[in-house]
Amino acid sequence: MASSQALRAAGLIIFRRVPQIQYLLLQTSYGQHHWTPPKGHVDPGESDLETALRETQEEAGLTTEHLNIVDNFKKVLEYNVRGKPKTVIYWLAELKNSDTPVVLSDEHQKFEWLGLEEACAYSGYQDMQEALRDAHFFLNTQNT
């Protein structure tokens, strides 16, 4: 029964090095105009990662040609939306060429490339801030 099923979404925390690490956040064109990485609801028959890639292409115009998915990093956020549990899975992805243009869909009105502290301030939500900090820590402790 779909009504009792938890909402599930997936997305990518996209970063670039210019040379410092910056994160891509999109501002929604609906609701409270919150800032978020590209993400969206998982469609039937779709894997979480397929959803994350599809939503990123739809919302930011970025495809697997533009991105490298980072191995060994996945963040699962769980919270309630209008009284229903929601799970959002994020992977980390690096923009291969920092000059690649972001092309927004009409779901978003603006985008920004932000350093960690700015990205946390923009995102507003505690769990999203933790996800960004975890990603940043992960990136800064890798030997790449």
Side-chain angles (χ1 to χ4, degrees), residues 5-144:
Q5 195 177 354
L7 301 166
R8 190 170 184 89
L12 296 178
I13 295 174
I14 298 171
F15 71 97
R16 66 181 185 180
R17 299 175 199 263
V18 288
Q20 76 283 15
I21 295 171
Q22 291 182 324
Y23 298 94
L24 176 65
L25 290 182
L26 312 178
Q27 186 181 37
T28 60
S29 51
Y30 56 86
Q32 298 185 354
H33 304 299
H34 63 285
W35 291 83
T36 176
K39 70 171 187 340
H41 294 288
V42 177
D43 286 343
E46 202 175 43
S47 76
D48 294 336
L49 184 56
E50 285 169 343
T51 298
L53 293 167
R54 174 180 55 77
E55 289 288 341
T56 298
Q57 184 172 354
E58 288 173 8
E59 295 182 357
L62 301 173
T63 67
T64 51
E65 288 177 27
H66 306 116
L67 301 167
N68 281 324
I69 303 294
V70 176
D71 290 333
N72 305 326
F73 185 92
K74 186 162 101 171
K75 190 79 184 160
V76 179
L77 306 185
E78 293 179 325
Y79 51 92
N80 286 325
V81 176
R82 295 193 271 296
K84 289 187 177 143
K86 181 170 185 175
T87 301
V88 184
I89 299 103
Y90 284 107
W91 284 265
L92 195 51
E94 182 168 14
L95 192 64
K96 293 177 188 176
N97 177 347
S98 62
D99 296 331
T100 303
V102 172
V103 181
L104 295 179
S105 73
D106 54 10
E107 287 182 57
H108 296 90
Q109 59 188 8
K110 216 166 163 188
F111 73 91
E112 294 285 347
W113 286 102
L114 303 162
L116 177 64
E117 292 310 318
E118 277 182 304
C120 286
Y122 271 63
S123 75
Y125 294 101
Q126 186 73 42
D127 51 2
M128 191 65 239
Q129 292 172 4
E130 285 173 20
L132 288 165
R133 289 184 200 287
D134 288 352
H136 201 73
F137 179 80
F138 178 86
L139 291 172
N140 284 313
T141 55
Q142 295 304 295
N143 298 328
T144 50

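The chain is numbered in sequence order, starting from 1.
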Note, Leu114 side chain near Gln22 side chain (heavy atom, < 4.5 Å): no
Check: Cys120 main-chain N/O paired with Gln129 side-chain donor or acceptor under 3.5 Å
yes
>> Can you confirm whether more than 12 heavy atoms, excluding those of Gln20, are under 6.0 Å from its CD atom?
In response: yes
Hits for salt bridge (Lys or Arg N to Asp or Glu O under 4.0 Å) against Glu107, two or more places apart or cross-chain, chain-then-number order -> none
Legend entry - salt_bridge(Lys74, Asp48) N-O dist < 4.0 Å: no
Here the pair of heavy atoms bringing Trp91 nearest to Leu49 is CH2-N, 3.4 Å
Measuring centre to centre across the rings, with the benzene-like ring taken for any Trp, is His136 within less than 6.0 Å of Tyr23?
yes
On a heavy-atom basis, the closest approach of Phe138 and Leu92 is CD2-CD2, 4.0 Å
Output for pair (Leu12 CG, Leu67 CG), nearest 0.5 Å, gives 6.5 Å
| message | Less than 4.5 Å apart, side chain to side chain, heavy atoms only: is that true for Arg8 and Ile89? | response | yes
Quiz item: Does Glu58 pair with Arg54 as a salt bridge, N-O distance under 4.0 Å?
Solution: yes
For this session: Could you walk me through whether Arg17 and Glu94 pass salt bridge (Lys or Arg N to Asp or Glu O under 4.0 Å), step by step?
Result: CA-CA 8 Å; Arg17 299 175 199 263; Glu94 182 168 14; 3.2 Å; yes
Smallest heavy-atom separation, Leu77 atom then Asp127 atom, equals CD2-O, 3.7 Å
Residue set satisfying salt bridge (Lys or Arg N to Asp or Glu O under 4.0 Å) with Glu117, at least two apart, ordered chain then number -> Arg133
